[in-house]
2 protein chains.
Amino acid sequence: MAATIYDVAKKAGVGIGTVSRAINNSPHINVGTKARILAIANELHYQPHALAQSLARKKTNTIASVVPFFTNYFYVELLKSVQRALSRSHYDLILFSVDRMNRRDRTIDRVLSERRCDGVLIISLGVMDGYAEKFIAAGLPVVLIDHMHQALDSVAIANREGAFAAASHLIGLGHRRIGMINGHLSSYPAKLRLEGFRLALEMHGLDFDDRDLVICDAKAGEHGFNEAAGYAAMQRLIAQSHPLPGALFVASDVQCLGVMRAAKEAGVRIPQDLALVGFDDIEFAKFVGLTTMRQPIAAMGRMAVTRLLKRIEGRENGDFHRELEAELIVRESCGSRQAFHVRTESDTVSQQV
Amino acid sequence: MAATIYDVAKKAGVGIGTVSRAINNSPHINVGTKARILAIANELHYQPHALAQSLARKKTNTIASVVPFFTNYFYVELLKSVQRALSRSHYDLILFSVDRMNRRDRTIDRVLSERRCDGVLIISLGVMDGYAEKFIAAGLPVVLIDHMHQALDSVAIANREGAFAAASHLIGLGHRRIGMINGHLSSYPAKLRLEGFRLALEMHGLDFDDRDLVICDAKAGEHGFNEAAGYAAMQRLIAQSHPLPGALFVASDVQCLGVMRAAKEAGVRIPQDLALVGFDDIEFAKFVGLTTMRQPIAAMGRMAVTRLLKRIEGRENGDFHRELEAELIVRESCGSRQAFHVRTESDTVSQQV
DNA sequence: GCCGCTTCAGGAAGCGCTTCCAAAATATTT
DNA sequence: AAATATTTTGGAAGCGCTTCCTGAAGCGGC
């Protein structure tokens, strides 16, 4: 159907090797010949067959991403930045989504064995030890995003430090009893956020009663990082911790929305009765006036891609474990007097009147 | 590095053709031989090289999706359902994102020429006439999602009817003067929604003053479908239309959020002063109690994939233009007395107290 | 005019598979 | 037991490209 390199060669009266050199910008070709071939290739609408090239070159110019496909702001934003970073290179993105967690290993196996890609981005997913070694043995570069593994490159948020900062902010506001609602501890970030939170309380000599901690169910594999889980968790907190703590750190903004909904229902006013700090800074955090820790998602994506490409091109080796800092964004939900934020944000519609 | 078909053949003491037949479930092979070969293949961790297979078979088992990569709930949800539908088949998904609109044609050209895929999903993007013919000439099946083209298959929302229903709902509530905030008319859905809206007013013998219509700038290529554009549009409406209409149809929920923010600032209460109906039913519509037209996004994705696969497998031809109906979801923002919605939704936290 | 260089071009081999054709092995019929 | 039909197998050709090796052509210097 479409023109092949042979068609071009025949029409130009040259060998296929010469055509190949022409289209690949090889220096070993006469400039005149090259121009002539290129003209003819153009005329024939010739385009190299990507798969054939890959096979011959042993280079696919494709990178695979393994993503837990929950409809979550985090993953979209991340993918977007990955795409953007990639679009400046010559790599295509192929998407492997893991919807059921138990298929994770099978998916990763496929990525490994099919050799369709030059490198892999694994997002928010733990990697079993066996697999890390498989990747290394296969010589397939991997960068983990939002997760960690000793043997593999990774880019993640400084979760511990972020949680520490969130708690510290509440403490700085004068709160002495602070609760936490967290995702399920099978989630790596959830674990770290809890650690950071506890550390902050400790360092300020504050006690922590476990009744003030609610850990969401890991239902549906989302590790409890969704609105419904936050809603349920807040109801549980109200039930088990009486009176409520004056402040609450919630491990993610989506959960926070659920918390706000439950609070509203129970007549708990925010921030008057309960100061709230979230984590992520999703799009709607601004809308509801939520104080939160902003994740530099775009930077993570960009950084992971940059690193991966370097690895693929063999330009870099050695360990690579980057932790990016989350930034405290102060809005209304924590009841902070100082409004650090810019005007449009302070004008935000917030839940409490 | 990895085992090839030759390695397996040698170790099993058979020819490569036999190995190929074994792993491809060909009926022309002795069951015993097949079992033996499979065992050896397994032992050698043999996995066929996907690219080599594709090249030999002239079949890539990959489908490409061209997506305008705005961080928008709509695209995520759609991609998710596409992925889910695809995961039941043996197709991989390769993502081509168009961030700058002017690169759209170039991206589509690449998809066409590289022959990396067996079919294409084009999401929310218009296709120039020349391209439709190119796809057809190349024998590359295409399904358009959220858009239309005479010559290509498509799956879209019944935008006109949806807008009609939204407007009708407001009219049914007793409103006689209804405004509209729309995305830029270069967007196909925006155009249709305006048509449906106008039609509803006409059919009820209501006048429409153009001052009650605000069309967002197409800034950043998002056709004005974002929160900031909605905010600006609402400010313009307040400025140019005095007194405000009692009801407002907004072409998308994200814009609605901006509208609510602007309304709040201007002291316009929702729904008391202004009844609001949106379009899309994004995740946060529920949270803010927004009445809206729900798009069956997941169904669109599923349907598009199903159709595409059928086309690829040559099981179906002929025209295919499916329009799915949007469903009216009544919440608080329209001030409707009848609450059709389920309990949890009526308990939603809403912007107005 | 010959020699050694350099530059450029042709095309075979190879990437790892599928597929087809012909041949070998086995089964069935006479 | 021979003849024929059927099942099973081997491996060459081909998918469309890159790459390498070889050789031709052009050049300056002697």
Side-chain angles (χ1 to χ4, degrees), chain A residues 1-38 40-41 44-62 90 110 112-118 138-139, chain B residues 1-38 40-41 44-62 90 110 112-118 138-139:
Chain A
M1 190 75 228
T4 74
I5 203 170
Y6 284 91
D7 301 325
V8 178
K10 190 186 287 179
K11 182 145 185 181
V14 299
I16 55 163
T18 308
V19 176
S20 177
R21 277 180 290 259
I23 61 173
N24 289 307
N25 265 306
S26 159
H28 306 298
I29 187 175
N30 178 286
V31 286
T33 328
K34 178 167 166 181
R36 197 162 49 86
I37 291 176
L38 255 25
I40 288 173
L44 256 35
H45 299 296
Y46 169 74
Q47 278 293 128
H49 190 297
L51 261 36
Q53 276 186 320
S54 298
L55 187 60
R57 283 191 187 139
K58 293 162 164 293
K59 178 89 163 55
T60 63
N61 282 301
T62 298
H90 291 287
R110 263 186 67 206
L112 258 167
S113 62
E114 284 191 338
R115 276 154 294 172
R116 255 170 192 257
C117 60
D118 299 331
Chain B
M1 191 74 229
T4 72
I5 202 169
Y6 284 90
D7 301 324
V8 178
K10 190 187 286 175
K11 183 145 186 185
V14 298
I16 54 164
T18 307
V19 175
S20 176
R21 275 180 292 257
I23 60 174
N24 289 306
N25 264 304
S26 159
H28 306 297
I29 186 175
N30 179 284
V31 287
T33 330
K34 180 169 164 179
R36 194 162 49 87
I37 291 175
L38 255 24
I40 288 173
L44 256 38
H45 300 295
Y46 170 74
Q47 278 294 128
H49 190 298
L51 261 37
Q53 276 187 318
S54 298
L55 187 59
R57 283 193 187 138
K58 292 165 165 295
K59 178 84 162 59
T60 62
N61 282 301
T62 297
H90 291 287
R110 264 187 66 206
L112 259 167
S113 61
E114 284 190 340
R115 276 154 294 172
R116 256 171 191 259
C117 60
D118 299 330

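Proteins get letters first, then strands, A, B, ... in listed order; numbering begins at 1 in each. Just so you know, these numbers come straight off a predicted model, no measurement behind them.
- Comparing D/dT9, C/dC8, C/dT18 against the side chain of B/His28 picks out D/dT9 as the nearest.
- Counting all heavy atoms, side chain and backbone alike, B/Ala52 lies closest to A/Leu55 at CB-CD1, 4.0 Å.
- The shortest side-chain heavy-atom distance between B/Ile5 and B/Pro48 does not fall under the 4.5 Å cut-off.
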Show every donor-acceptor pair shorter than 3.5 Å between a side-chain atom in residues 31-38 of chain B and any protein atom, with sequence neighbours excluded, or say none if there are none.
residue, atom, partner, partner atom, Å
B/Thr33, OG1, B/Asn30, OD1, 3.4
B/Lys34, NZ, B/Asn25, OD1, 2.9
B/Arg36, NH1, B/Ala12, O, 2.9

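- Among the protein residues, B/Gly13 comes within range of the sugar-phosphate backbone only, with heavy atoms under 4.0 Å from sugar or phosphate atoms but none that close to a base.
- Between A/Ile37 atom CD1 and C/dC8 atom P there is a gap of 13 Å when expressed in whole angstrom units.
- In the set C/dG10, C/dC17, D/dT19, the nucleotide with an atom closest to the side chain of A/Ser20 is D/dT19.
- A/Thr60 and A/Arg115 make their closest contact through CG2-O, 3.7 Å (heavy atoms, listed as atom of the first residue, atom of the second, distance).
- Judged by closest nucleotide on DNA chain D, B/Thr18 is the one of B/Thr18 and B/Tyr6 placed further toward the 5' end.
- Judged by distance alone, with hydrogens and angles left aside, A/Arg21 brings a side-chain donor or acceptor within reach of the base of C/dG10, the pair sitting under 3.5 Å.
- No side-chain donor-acceptor contact under 3.5 Å links B/Asn24 to the backbone of B/Arg21.
- The interatomic distance linking B/Lys34 (NZ) with D/dT7 (C1') rounds to 15 Å, in whole Å.
- Between the NZ atom of A/Lys10 and the P atom of C/dG11 there is a distance of 13 Å, given to the nearest Å.
- A donor-acceptor distance shorter than 3.5 angstrom exists from the side chain of A/Ser54 to the backbone of A/Ala50, with no hydrogens or angles considered.
- Whole-Å rounding puts the B/Asn61 CG to C/dC17 P distance at 15 Å.
- To the nearest angstrom, C1' of C/dG10 lies 15 Å from CG of A/Asn30.
- Once rounded to the nearest 0.5 Å, the distance linking CG of A/Asp7 with NE2 of A/His45 reads 13.0 Å.
- One interatomic measurement links the two molecules: CD1 of B/Ile16 to P of C/dC20, which rounds to 14 Å at whole-angstrom precision.
- When every heavy atom of B/Thr4 is checked against every heavy atom of B/Tyr46, the shortest pair comes out as C-CE1, 3.5 Å.
- Nucleotide D/dT19 holds its C1' atom 14 Å from the CD1 atom of A/Ile29, rounded to whole Å.
- Rounded to an integer number of Å, the gap from A/Ile5 CD1 to D/dG14 P is 18 Å.
- In terms of heavy-atom proximity, A/Ile40 sits nearest to A/Lys11 at CG2-CG, 3.7 Å.
- Remark: A/Leu55, A/Ala56, A/Lys58 in residues 50-59 of chain A come within less than 4.0 Å of DNA chain C through at least one heavy atom.
- End-to-end axis angle for the helix from C/dG1-D/dC30 to C/dT30-D/dA1, using five pairs per end and rounding to 10°, comes out at 50°.
- A close approach under 4.0 Å does not occur between any side-chain nitrogen or oxygen of B/Thr33 and OP1 or OP2 of D/dT8.
- Closest of all the heavy-atom pairs between A/Lys59 and A/Asp118 is NZ-OD2, 3.2 Å.
- Here A/Tyr46 reaches the OP1 or OP2 of D/dC17: one of its side-chain N or O atoms lies under 4.0 Å away.
- When distances run from any side-chain atom of B/His49 to the nucleotides D/dC17, C/dG16, D/dT18, the shortest one goes to C/dG16.
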